[in-house]
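Input: a single structure, listed below in structure tokens.
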Amino acid sequence: MKIATYNVNGINARLPVLLRWLTETAPDVVCLQELKAPQEKFPQQAIRDAGYSAIWKGQKSWNGVAILGRGIELAETRSMLPGDDQDEQSRYIETIVNGISVGCLYLPNGNPVPGPKFDYKLRWFDRLITYAASLLETHTPTILAGDFNVIPTNLDASQPERWVQDALARPESRAAYDKLLELGWIDSLRKLSPTQSIYTYWDYYGYAYQRNTGLRIDHMLVNSELSEQVLEAGVDRHVRGWEKTSDHAPTWIKLSRQFTNPVG
DNA sequence: ATGCCCCAATGTTTGGGA
């Protein structure tokens, strides 16, 4: 079974790239971020025609998250992060599929620092830490996947010095990410590649992809019950080289468990 | 230090991204 996460940077602008990638790699479950579309503008039919059902939480212009399931209907278990009923930004959606709890998240960017956007990022992170701690108590195989907007260590940026003052690498952001790991969440890609520089994002400008000046900011955190089933983890970096592509590349893990759906 | 590029909106630019 393969689970992936992909910040598409506009679901409608990215539809041809998304469909091409789905057809090419046939992931079983896909977490999407940055739909940049209101609820009614999600391209449900095109995705269904490609063999995937979807649940999504849209928002006009910004944010927006979705989960796709290959040949299986998904039941939404949650569509916002607990802890702030006033939060109107669409940044979390969750389902349970094939016995795995799947949380799809788009953490705030937080720039500029300091400022209200950075404060919001840290508050959102605090809510995530609280909720993530409660998830561990269920002992259900669980994954939290998405764009965390955090460069966890200097190994995760090609030019770490450039990001020192940035919300993606600020000590407060890194400390919050570290807190998740201290709770027991496991960074799948880093566990399988402890010393390798792996990037999931490259700037549109400055030929960043061609120069491989990237960041690792999309993460797949698993609990111990799921970690023991992770066989492989990787990034489909070639997708970043396609026409009209996102600035992020799809990131995935392969599990030992079989994906059982009506289609097979 | 700044811009570069790209998206959505109802634009002839702006805000947001990272």
Side-chain angles (χ1 to χ4, degrees), chain A residues 5-21 31-43 46 56-66 87-92 104-125 145-174 176-177 197-219 235 237 239-251:
Chain A
T5 184
Y6 187 19
N7 179 322
V8 291
N9 186 16
I11 183 77
N12 287 301
R14 212 62 62 215
L15 195 55
V17 165
L18 175 64
L19 296 177
R20 179 180 171 189
W21 170 70
C31 297
L32 300 177
Q33 302 86 35
E34 271 209 275
L35 305 180
K36 290 186 170 180
Q39 191 71 6
E40 65 274 14
K41 294 270 184 69
F42 184 88
W56 67 96
K57 174 88 168 176
Q59 182 182 330
K60 186 179 172 183
S61 300
W62 300 307
N63 309 317
V65 285
D87 187 358
E88 294 182 342
Q89 300 191 21
S90 298
R91 296 181 174 277
Y92 189 82
C104 168
L105 65 97
Y106 176 47
L107 224 136
N109 171 308
N111 282 303
V113 181
K117 290 184 177 178
F118 190 54
D119 296 342
Y120 174 66
K121 176 178 194 160
L122 296 181
R123 282 204 312 277
W124 207 95
F125 229 141
D147 179 354
F148 284 67
N149 268 316
V150 176
I151 303 165
T153 72
N154 285 350
L155 186 58
D156 301 308
S158 56
Q159 300 164 302
E161 67 286 351
R162 186 188 148 188
W163 300 94
V164 169
Q165 298 299 332
D166 193 280
L168 275 64
R170 287 282 301 174
E172 299 93 326
S173 306
R174 285 183 166 179
Y177 188 82
S197 285
I198 303 166
Y199 306 133
T200 64
Y201 165 90
W202 298 261
D203 267 339
Y204 280 122
Y205 31 75
Y207 298 96
Y209 178 64
Q210 288 81 355
R211 293 174 179 164
N212 197 29
T213 53
L215 304 175
R216 191 174 73 98
I217 53 177
D218 301 277
H219 305 300
V235 179
R237 72 187 306 287
V239 174
R240 180 62 181 82
W242 291 353
E243 291 288 314
K244 297 282 287 177
T245 200
S246 171
D247 40 6
H248 297 249
T251 303

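Note that the structure is a prediction, hence the values are computed from the model and not measured. Residue numbers begin at 1 in each chain, while the letters A, B, ... track the order of the sequences.
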Which part of the nucleic acid, if any, lies within reach of A:Asn7 when heavy atoms closer than 4.0 Å are counted: base, sugar-phosphate only, or nothing? sugar-phosphate
Donor-acceptor pair between A:Asn154 and A:Arg174 side chains, under 3.5 angstrom: yes
Scan A:Tyr106 against the nucleic acid and name what it touches under 4.0 Å (heavy atoms): base, sugar-phosphate only, or nothing. sugar-phosphate
Tell me: CD of A:Glu243 to C1' of B:dC5, nearest whole Å? 14 Å
Between A:Thr200 and the options A:Asp247, A:Asp218, A:Asp147, the side-chain hydrogen bond (donor to acceptor under 3.5 Å, both in side chains) test singles out A:Asp218
How far does the P atom of B:dG3 sit from the matching atom of B:dA8, given to the nearest Å? 23 Å
Say you pick atom P in B:dT2 and the same atom in B:dC6; how far apart are they, in whole Å? 22 Å
Atom P, compared across B:dA18 and B:dT13: separation rounded to whole Å: 26 Å
With a non-hydrogen cut-off below 4.0 angstrom, is A:Tyr201 in contact with a base, only sugar-phosphate, or nothing? sugar-phosphate
Between the protein and nucleotides 6-16 of chain B, list every N/O to N/O distance that falls short of 3.5 Å.
from   : atom 1 : to       : atom 2 : distance (Å)
B:dC7  : OP1    : A:Arg14  : NH1    : 3.2
B:dG16 : OP2    : A:Lys117 : NZ     : 3.4
B:dG16 : O5'    : A:Lys117 : NZ     : 3.4

Does a donor on one side chain and an acceptor on the other come within less than 3.5 Å for A:Thr5 and A:Gln33? yes
Taking atom CD of A:Gln210 as the centre, does the number of heavy atoms from other residues, nucleotides or ligands within less than 6.0 Å exceed 12? yes
Closest non-hydrogen atom pair, A:Asn63 against A:Ser90: CB-O, 3.4 Å
Nearest-Å distance, CD (A:Gln165) to C1' (B:dA18)? 15 Å
For residues A:Asn9 and A:Lys36, is any side-chain donor paired with an opposing acceptor at under 3.5 Å? yes
Between A:Arg170 and A:Gln165 (side chain of the first, backbone of the second, donor and acceptor by atom type, cut-off under 3.5 Å), is there such a pair? no
If you draw a 6.0 Å radius around CD in A:Glu88, do more than 12 non-hydrogen atoms from other residues or ligands fall strictly inside? no
Numerically ordered, the residues 147-156 of chain A set in heavy-atom contact under 4.0 Å with DNA chain B is A:Asp147, A:Asn149
If the P atom of B:dT10 is compared with that of B:dG15, how far apart are they to the nearest Å? 14 Å
Under 4.0 Å between a side-chain N/O of A:His248 and OP1 or OP2 of B:dG17, yes or no? no
Given side chains that start at C-beta, do those of A:Leu107 and A:Lys121 come closer than 4.5 Å, heavy atoms only? yes
Whole-angstrom distance between B:dA9 and B:dC4, as gauged at atom P: 23 Å
Which residue is it: A:Tyr201, A:Tyr204, A:Tyr6, A:Tyr199? I am looking for the one with a ring pair (Phe, Tyr, Trp, His ring centres under 6.0 Å) to A:His248. A:Tyr201
Should the pair A:Asp87-A:Lys57 be classified as a salt bridge under the 4.0 Å nitrogen-to-oxygen rule? no
For a quick test of reading the model: is some side-chain N or O of A:Asn109 closer than 4.0 Å to OP1 or OP2 of B:dG17? no
B:dA1 and B:dT14: how far apart are their C1' atoms, nearest whole angstrom? 23 Å
What does the list of N/O pairs under 3.5 Å between the protein and nucleotides 1-3 of chain B look like, with a distance for each?
none

A:Phe42 vs A:Trp56 aromatic rings, parallel, tilted or perpendicular, using cut-offs 30° and 60°? parallel
To the nearest angstrom, the CZ-C1' distance between A:Arg174 and B:dA18 comes to 14 Å
